[in-house]
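Reviewing the structure listed below.
These numbers come from the heavy atoms of this one structure, side chains and all, not from hydrogens, waters or symmetry mates. Each residue takes its place number in the sequence, starting with 1. Just so we're clear, the structure is a prediction, and the values are computed from it rather than from any experiment.
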Amino acid sequence: NYLISDYTLASGTTFTVSMWFKRVDSTYWVSLFGNEVWNSGTGYVARLESSTLIRFSAGGDFTGIVYNNAALVSANFNHYAFVKNPSGSDSFIYINGVQVANGSVADVSITKPFVFNSRWENTGSSPSTGDSKQNQFSNIAVYNRALSAQEVLQNYNATKKRYL
């Protein structure tokens, strides 16, 4: 239950990932997206940890940006946007059009395309089946620039009637 894109970013690139995601599986760890090869120090990952914590980090870095007050109700779709700015500073997490966290996400090299509802295995040969849960995701958009807060809100408002 994952989707492999054909989109690979250049290393150190600014980007935004925007998506609707519904957590169905109630396990501890759920990857929304990742081009991270686990434990390699390459790529990025956005994940839900526990029922309230969202993390956006680089290359196995367990710091990155953290939001630990999310109402991640499994019965609902939520709109997530992850914005990585140049040099990683002033990067953001948005939920349902509202900025909920900001901070730094380190620049790392990128060797794999984005995979949604998963990330890459240690070997880098395939997406992780352990991270690929029975979740639902839709309306995925990857931008090769940092969207502004107004653009994230516009995207949320333009699609929310389909999911709420």
Side-chain angles (χ1 to χ4, degrees), residues 2-21 23 27-70 72 78-133 135 137 140-153 155-156:
Y2 56 80
L3 174 67
I4 300 175
S5 76
D6 61 356
Y7 190 70
T8 303
L9 297 169
S11 297
T13 282
T14 298
F15 67 90
T16 301
V17 174
S18 173
M19 67 192 302
W20 284 90
F21 191 88
R23 183 179 188 160
T27 61
Y28 172 75
W29 185 286
V30 174
S31 293
L32 282 84
F33 75 85
N35 56 10
E36 172 193 42
V37 176
W38 181 239
N39 286 334
S40 72
T42 65
Y44 300 95
V45 67
R47 57 192 178 260
L48 307 180
E49 299 174 11
S50 74
S51 61
T52 62
L53 189 135
I54 300 170
R55 186 181 308 273
F56 178 34
S57 60
D61 174 9
F62 285 94
T63 57
I65 303 172
V66 175
Y67 178 60
N68 195 13
N69 195 23
L72 303 174
N78 287 288
H79 182 263
Y80 297 91
F82 300 90
V83 178
K84 192 221 167 261
N85 275 301
S87 75
S89 63
D90 294 326
S91 295
F92 305 98
I93 298 173
Y94 293 85
I95 300 175
N96 297 332
V98 176
Q99 179 192 318
V100 295
N102 70 297
S104 292
V105 176
D107 279 340
V108 292
S109 63
I110 299 170
T111 60
K112 294 290 184 184
F114 281 112
V115 60
F116 299 94
N117 197 36
S118 190
R119 61 190 165 142
W120 293 92
E121 290 280 3
N122 295 1
T123 62
S125 61
S126 63
S128 170
T129 56
D131 286 333
S132 179
K133 309 297 184 191
N135 300 304
F137 48 95
I140 298 168
V142 179
Y143 299 85
N144 61 358
R145 64 183 183 85
L147 294 185
S148 69
Q150 295 81 9
E151 290 170 316
V152 170
L153 181 60
N155 285 351
Y156 166 73

Give the intermediate values and the outcome of side chain to side chain contact (heavy atoms under 4.5 Å, CB included) for residues F21 and V30. CA-CA 11 Å; F21 191 88; V30 174; 3.6 Å; yes

Can you tell me how far apart [atom1] ([X]) and [atom2] ([Y]) are? Round to the nearest 0.5 Å.
{"X": "L153", "Y": "Q99", "atom1": "CG", "atom2": "CD", "answer": "12.0 Å"}
{"X": "Y156", "Y": "I95", "atom1": "OH", "atom2": "CD1", "answer": "11.0 Å"}
{"X": "F56", "Y": "R47", "atom1": "CZ", "atom2": "CZ", "answer": "11.0 Å"}
{"X": "I4", "Y": "F114", "atom1": "CD1", "atom2": "CZ", "answer": "13.5 Å"}
{"X": "T52", "Y": "N69", "atom1": "OG1", "atom2": "CG", "answer": "7.5 Å"}

Any non-hydrogen side-chain atom of [X] less than 4.5 Å from a side-chain atom of [Y]?
{"X": "T42", "Y": "V108", "answer": "no"}
{"X": "P113", "Y": "N35", "answer": "no"}
{"X": "D107", "Y": "K84", "answer": "yes"}
{"X": "S91", "Y": "I65", "answer": "yes"}
{"X": "Y44", "Y": "F82", "answer": "no"}

Smallest separation among heavy atoms of [X] and [Y], with atom names:
{"X": "V105", "Y": "S57", "value": "CG1-C, 4.1 Å"}
{"X": "S31", "Y": "V45", "value": "OG-CG2, 4.1 Å"}
{"X": "S104", "Y": "S89", "value": "OG-CA, 3.8 Å"}

Less than 3.5 Å apart, any donor N or O on the side chain of N155 or Y94 sitting next to an acceptor on the other?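 No - no donor-acceptor pair under 3.5 Å links their side chains.
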
Under a 3.5 Å cutoff, is there a donor and acceptor pairing between the side chains of N85 and D90?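 Looking only at side-chain atoms, D90 and N85 do not form any donor-acceptor pair under 3.5 Å.
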
Side-chain atoms of residues 13-20: list all donor-acceptor pairs with protein atoms under 3.5 Å, sequence neighbours left out, distances to 0.1 Å.
unit_1, atom_1, unit_2, atom_2, d
T13, OG1, A10, O, 2.7
T16, OG1, R145, O, 2.9
T16, OG1, L147, N, 2.9
S18, OG, H79, NE2, 2.9
W20, NE1, T159, OG1, 2.8

With sequence neighbours excluded, tell me which residues meet side-chain hydrogen bond (donor to acceptor under 3.5 Å, both in side chains) with S148.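 With neighbours one apart ignored, the set is Q150, E151.
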
Set out, in order, the CA-CA distance, both residues' side-chain angles and the distance that settles side chain to side chain contact (heavy atoms under 4.5 Å, CB included) for Y80 and I54, then state yes or no. CA-CA 10 Å; Y80 297 91; I54 300 170; 3.6 Å; yes

